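Some notes on the structure that comes next.
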Amino acid sequence: MNILRGHVEPILKDALNSIGVNDSNWTSMLSPSREHSQGDLSLPCFPFAKQLGKSPNDIAEELSNIIVPNVAIGKINAIGGYLNFKAEPKWLAKQLLSGKIRVGDAFGNKPHTGRQILIEHTSANPNGPFHVGRARNAILGDTLVRLHRLLGNEVRAEYYVDDMGKQVGVLAWALDNLSKQDVEDILQDKESLSTKWSDKADHTRVRWYQAAQKLRKDESKSEKIEQDIAKLVHASEHGDESVLQKFHDSFQPVLDGMLETLSRLGIEFNQFTNESMFVTNGDVAKLTETLSKLEIHGVADNGAEYLDLGARGMKGKTEFFFKRGDGSSLYATRDIAYHIWKWKQCDDLINILGEDHKLQSKQVGMTLQELGHKVPEVLFYSFIKLPEGKMSTRKGNVVFMDDLLEEAKEHASQIVRELRTKYSEQEVSHIGESVGRSAIRFNIIKVSPDKGFTFRWEEALAFEAGSAPFIMYSHTRALSIAKKCIDNGIDVDEISNKELDLDSIDSELPDSLIDLLRCMAIQNDALERSVMQCRPNLFANQVLNLATSFNGFYRDCKIFDDGNVNELYLQVSQLASQFLKTGMEGLGITPLERM
RNA sequence: GGGCGUGUAGCAUAGUUGGAUAAUGCGUCGGCCUCCUAAGCCGAAGAUCGCGGGUUCAAAUCCUGCUGCGCCCGCCA
């Protein structure tokens, strides 16, 4: 609890000095209390024991006797070698209700930190529909974008489009050379296209891609096809405008389909950058020239060039090739050019990548360093697999995001229909869509990115405690209270803005109200930590805790009772709904009026 | 073989810079709707934090060995 820290540190410093502790190592030891019931900030006194020749218990006890609580500190106690500080509830309430603690707003007016962050995420090759395996990147990336914005950073979300090379080459070749009938004949043993998505180009065109991939494995035909594709790829890598245009026309409808899916998940981009740009504008040529002059540069027998990163401490495979024998560039080379370009446009650079890109990313980072550039921050995530094993389009072992979204919406709508029989079908649909989308996102962000993730339908569609709908539900409860007050002729806005004299309240505040205050007071701490550590799950956890605290408050603190409004409770409830709302925006969960 | 990551109740996970009685959800068992939305709340049972060693006043957390799982080790992307 950082807002309390400022009030504790000065007096703690004096107290420690007076008993003979003069260094300042203790500031990092003062940390959020593990035992919530004991305090908000705690200082373990064990390290002082040897220095002072007293038991940790006695030291904590002594300190608690010396320190005189101030307005912010409610209670000080010494237990088991810990010195605990508890924020004074009414002080906490005043801080929060006076608006001194920024609630945060991901999309509206908020203080700017002035930092420009460029986050590149998703960047999936545009050759087929978005499946759940790819979704972890997009959802983590977009959540990070939102969290940075909530913190006040200026963020550009960027999609790097692979518009050249083999994958698009295959797609372009197939569209040029295969008829619809050819494709269906080739794929006759495969499941046919779901009629539901027959108008979506990512679903339709991927069949051409799959058909071509199958033909390429057929030995009688593959040689000619490989030659044709190689010709296209080669041309694209040398910046051939007409081939690049052909590629563009092939993949753009697919990309549009994928973006439609992403948009449904609440994911949008500020900019799309084509990989080919760095070939056509000469950046790659300049780069390879520079790399060729580096000290750690080497040349293979056939003229291919590499850097020996082993000379800079790289373990394992140390040769990093940036130029082929035929002189053309490689994906990683273009990625380096892309990074140099990106660095000119931001203060911080973050990439979201699958764990399979770790080596590649390390090579790019070390090369950037060798060239005197900064190394980007990278968030790696482990793959999503299905209970049946690895996700594979080839084996038909995939879950398409479009299908998951539909399923989640239908499932949510069904629940609404059962629970709220009076809602119109239009409202049911709106709630279903919002709940489905939010639940899918939350299901993925709440777990740590570096842990493996197994996609299970039951879990994706579980809308109970620990899910997005649970958070959404708490939020609508708060709105529904406010609505009830308004319906009873109470001016909620006026009460919300009123300055209450909390000191005139004689009684203690209820525990669950205090819990809620404490939870709100650490919201920004959690946000900062989540952003700093590049781990959205930390903030997801905070918002979940906030919703739980709100439910406790809701249970114990009656706001509108017997025609009377408890003004403090109403203010707290209104504030909590703001905290919940901005927290949800940060996570990409859609706040609803009612559900 | 080498490199990187990971292993926490039946299942899925959280756990801050090492710090108190390891937290949450699902599932199981038992309660709560004449009371602002029960997608909720309260309670119970359930853990050798993969295994061994080490560092430390203190280890799920740091170091080391072993082991299971994942990813990578292309002049592919």
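A, B, ... follow the sequence lines: proteins, then strands. Residue 1 opens every chain. Quantities reported herein were computed from a predicted structural model and do not represent experimental measurements.
Within the 4.0 angstrom heavy-atom criterion, base atoms lie near A/Pro47. Using a 4.0 Å heavy-atom distance criterion, A/Gly452 is classed as a sugar-phosphate-only contact. Using a 4.0 Å heavy-atom criterion, one finds that A/Tyr473 contacts the bases of the nucleic acid, with or without backbone contacts as well. At a threshold of 4.0 angstrom between heavy atoms, the contacts of A/Gln51 with the nucleic acid are absent. Heavy atoms of A/Ala465 sit under 4.0 angstrom from primed sugar atoms or phosphate atoms, though from no base atom. Within the nucleic acid shown, A/Cys557 comes within 4.0 Å of at least one base atom, counting heavy atoms only. Within the 4.0 angstrom heavy-atom criterion, no nucleotide atom of any strand lies near A/Asp562. Base contact: A/Ser42 has a heavy atom under 4.0 Å from a base atom. Using a 4.0 Å heavy-atom criterion, one finds that A/Asn125 contacts the sugar-phosphate atoms exclusively. Residue contacts shown for A/Ile431 include a base, since a base heavy atom lies under 4.0 Å away. Using a 4.0 Å heavy-atom distance criterion, A/Glu305 is classed as making no nucleic acid contact. Among the atoms of the strands shown, base atoms are found under 4.0 Å from some heavy atom of A/Ile559. Here A/Ser31 lies in heavy-atom contact (under 4.0 Å) with a base. No contact: A/Met314 has no heavy atom under 4.0 Å from any strand.
The side chain of A/Arg535 contributes an N or O atom lying less than 4.0 Å from OP1 or OP2 of B/G15. An OP1 or OP2 oxygen of B/A77 is reached within less than 4.0 angstrom by no side-chain nitrogen or oxygen of A/Tyr331. Contact annotation: A/Arg324 reaches the phosphate of B/C76 (side-chain N/O to OP1 or OP2, under 4.0 Å). Considering only side-chain N and O atoms, A/Arg555 lies nowhere under 4.0 angstrom from the phosphate OP1 or OP2 of B/C36. A/Lys166 has no side-chain polar atom (N or O) that falls below the 4.0 Å cut-off from OP1 or OP2 of B/C76. For A/Lys451, no side-chain nitrogen or oxygen approaches OP1 or OP2 of B/G15 to under 4.0 Å. Using a 4.0 Å cut-off, no side-chain N or O of A/Tyr554 falls inside it from OP1 or OP2 of B/C35. Residue A/Asn551 has a polar side-chain atom (N or O) positioned under 4.0 Å from OP1 or OP2 of B/C41. Put simply, A/Arg477 has a side-chain N or O that comes within less than 4.0 Å of OP1 or OP2 on B/A38. Phosphate proximity of B/C71 to A/Lys390: present, with a side-chain N or O under 4.0 Å from OP1 or OP2.
A distance of about 14 Å separates the C1' atoms of B/A59 and B/U64, rounded to the whole Å. As rounded to the nearest Å, B/C51 and B/G7 have C1' atoms that lie 11 Å from one another. Rounded to whole Å, the separation between the P atoms of B/G3 and B/A58 comes to 32 Å. Rounded to whole Å, the C1' atom of B/A44 lies 23 Å from the corresponding atom of B/U48. Comparing the P positions of B/G65 and B/G19 gives a spacing of 24 Å, expressed to the nearest Å. B/C11 and B/G54 are spaced 30 Å apart, taking the P atom of each and rounding to whole Å. Taking atom P in both B/U61 and B/G25, the straight-line distance is 25 Å, to the nearest Å. B/A23 and B/C69 are spaced 31 Å apart, taking the P atom of each and rounding to whole Å.
The ring of A/Phe46 lies on top of the base of B/G19, close enough and flat enough: under 5.5 Å between centres, under 30° between planes.
A perpendicular orientation is assigned to the rings of A/Trp457 and A/Phe455, their planes being inclined by more than 60° (bins at 30° and 60°). Taking the six-membered ring where the residue is Trp, A/Phe272 and A/Tyr159 present tilted rings, their angle falling between 30° and 60°.
In this structure B/G1 sits in a base pair with B/C73, meeting the Watson-Crick or G-U test at under 3.5 Å. Pair check for B/G43 finds B/C29; Watson-Crick or G-U wobble, both atom distances under 3.5 Å. Remark: B/U56 base-pairs with no nucleotide in the shown strands. Criterion, Watson-Crick or G-U wobble with two distances under 3.5 Å.
A donor N or O paired with an acceptor N or O is found under 3.5 Å between the base of B/C75 and the side-chain atoms of A/Asn302.
A/Arg420 places a side-chain N or O within 3.5 Å of a backbone atom of A/Met595 that can act as its donor or acceptor partner.
Proximity note for A/Lys558 (side chain, C-beta onward) versus B/C35, B/A77, B/C26: the nearest is B/C35. For A/Asn537, the listed nucleotide lying nearest its side chain is B/G15; candidates were B/U17, B/G27, B/G15. Among the nucleotides B/U16, B/C75, B/A14, the one closest to any side-chain atom of A/Gln533 is B/U16. Closest contact between the side chain of A/Val416 and the listed nucleotides B/A39, B/A14, B/C75 involves B/A39.
Ring pair A/Phe550/A/Phe553: centre-to-centre distance below 6.0 Å. For A/Tyr338 and A/Tyr160, the ring centers sit closer than 6.0 Å to each other.
Between A/Ser33 and A/Asp40, the side chains place no donor N or O within less than 3.5 Å of an acceptor N or O (distance only, hydrogens not considered). Donor-acceptor pairing under 3.5 Å is lacking for the side chains of A/Lys446 and A/Ser467.
Along RNA chain B, the nucleotide nearest A/Pro44 and the nucleotide nearest A/Leu419 are compared for position; the residue whose nucleotide lies closer to the 5' end is A/Pro44. Along RNA chain B, the nucleotide nearest to A/Pro469 and the one nearest to A/Leu538 differ in position, and the one closer to the 5' end is contacted by A/Leu538.
Across the protein-nucleic acid pair, A/Glu319 atom CD and B/C73 atom C1' stand 12 Å apart, rounded to whole Å. Computed from coordinates, the A/Arg456 CZ to B/U13 C1' distance equals 11 Å when rounded to whole Å. Atom-to-atom, CD of A/Gln414 to P of B/A39 comes out at 15 Å; the value is rounded to the nearest Å. Atom-to-atom, CD1 of A/Ile384 to C1' of B/G5 comes out at 17 Å; the value is rounded to the nearest Å. One atom, CD of A/Gln542, and another, P of B/G15, lie 13 Å apart when rounded to the nearest Å. Spacing between atom CZ of A/Arg5 and atom P of B/U16 amounts to 16 Å, rounded to whole angstrom units. Rounded to an integer number of Å, the gap from A/Leu30 CG to B/U17 P is 15 Å.
For A/Arg594 and A/Tyr423, the positive end sits near the middle of the six-membered ring, less than 6.0 Å away and at most 45° from its axis.
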Checking salt bridge (charged side-chain N to carboxylate O under 4.0 Å, His left out) for the pair A/Lys231/A/Glu226: CA distance, chi angles, key distance, verdict? CA-CA 8 Å; A/Lys231 225 179 272 176; A/Glu226 288 309 316; over 6 Å; no
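Within the 4.5 Å cutoff, the side chain of A/Tyr569 has no heavy atoms near those of the A/Ile481 side chain.
Under the 90° criterion around 0 for the glycosidic angle, B/C72 counts as anti.
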